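From a predicted model like this one, the values you see are computed outputs, not experimental measurements. Numbering of ligands and ligand atoms starts at 1, following listing order.
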Amino acid sequence: MIVRKSLSELEKMRAAGLLVYEVLQVLKGLVKEGVTTQDLEVVAEKLITDAGARPAFKGYESAAAGSKYPYVLCTSVNEEIVHGMPSAKRVLKPGDIVSIDTGVQLQGYYGDSAITVPIGEISAETQKLIDVTRESLELAIEQMRPGNRLFDVCGTVERHVTTNGFTVVREFVGHGIGTQMHEEPQVPNYIDRRNENPRLKEGMVLAIEPMVNAGKPGSRVKADKWTAVTEDGRYSAHFEHTVAVTANGPWVLTRP
Ligand code: MF3
Ligand code: CO
């Protein structure tokens, strides 16, 4: 069942979303050569807790991993797709890209967003990977209108990525979001015909999160049980927004 949100609920999700945005903006400004992903973690935790919110990822229980996620952020560098763990040993260097993903719970409602940030000079190919991933999210957001269907969102990501010569990850997906971080429906970055294709209605809120590989689509999870990496070792990019369907069109809750 897809839970639809009232305007007053959306206002609370908006507050959560704007906090996530502010945190990501600060972190983006800090990312440079020599900074560690643990440095980003420390800053994010303070910003979130000072705002009276709860970091949504920290303590999140995953059946697949068989453990609770221990950090506020997921910081996924280069060939890491998602769920990379902050570390004082991971020093960012020129040519790297880092996906910074975070979520908060505020007044009972969740916000979830991610950006991919380059460090120093990156190759033209890597810049294109980042651009196409961001564009695929923007195009998918445009589909978040009453009367469209879920597959319009999923298929839009897939088409933009594949026509540009990249691939979408299949093992990880976006999701409904509200009073739970993960609600129905799943939002794959491709049309999965095993799933239903519900019509989008006012008050539905989805976290759309394209995960795009430069090379082959395959992924595997490292021995830490969390970090997802590309099988071929090539780079992967990730962007995410929490987006509501409204009568006036898409409302991106995780940006101003
Ligand atoms: N944006 C991701 C998601 O929606 C991040 C979750 S990390 C976790 O699943 F630690 F909370 F699992
Ligand atoms: Co998410």
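- Here Glu183 pairs with Lys5 in a salt bridge; the nearest charged N to carboxylate O distance falls below 4.0 Å.
- Heavy atoms of other residues, nucleotides or ligands lying less than 6.0 angstrom from CD of Gln25 number more than 12.
- Listed by chain and residue number, Glu142 satisfy the salt bridge (charged side-chain N to carboxylate O under 4.0 Å, His left out) test with Arg145 (two or more places apart in sequence, or in another chain).
- Sorted by first and then second residue, the side-chain hydrogen bond (donor to acceptor under 3.5 Å, both in side chains) pairs with a member in residues 26-38 read Thr36-Asp39; sequence neighbours excluded.
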Go ahead and list the nitrogen or oxygen contacts between ligand 1 and the protein that come in under 3.5 Å, distances to 0.1 Å, or just say none.
unit_1   : atom_1 : unit_2 : atom_2 : d
ligand 1 : 1 (N)  : Asp101 : OD1    : 3.4
ligand 1 : 1 (N)  : Asp101 : OD2    : 2.8
ligand 1 : 1 (N)  : Asp112 : OD1    : 3.3
ligand 1 : 1 (N)  : Asp112 : OD2    : 3.3
ligand 1 : 1 (N)  : Glu209 : OE1    : 3.4
ligand 1 : 1 (N)  : Glu240 : OE1    : 3.0
ligand 1 : 4 (O)  : Asp112 : OD2    : 3.1
ligand 1 : 4 (O)  : His175 : NE2    : 2.7
ligand 1 : 4 (O)  : His182 : NE2    : 3.0
ligand 1 : 4 (O)  : Glu209 : OE2    : 3.2
ligand 1 : 9 (O)  : His182 : NE2    : 2.8

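- The tally of protein N/O/S atoms under 2.8 Å from the Co ion (ligand 2) stands at 4.
- Side-chain contact, Asp112 with His241: no donor N or O sits under 3.5 Å from an acceptor N or O.
- Of the charged side-chain nitrogens involved, at least one lies within less than 4.0 Å of a carboxylate oxygen, so that Lys93 and Asp96 count as a salt-bridged pair.
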ring-ring contact (aromatic ring centres under 6.0 Å, His included) assessment of His182 paired with Tyr60 | CA-CA 11 Å; His182 294 144; Tyr60 180 84; 5.2 Å; yes
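- Of the options Glu231, Arg170, Glu171, a side-chain hydrogen bond (donor to acceptor under 3.5 Å, both in side chains) to Ser219 is made by Glu171 and by none of the others.
- For the pair Lys128 and Phe166, the cation-pi test (distance below 6.0 Å, angle within 45°) is passed.
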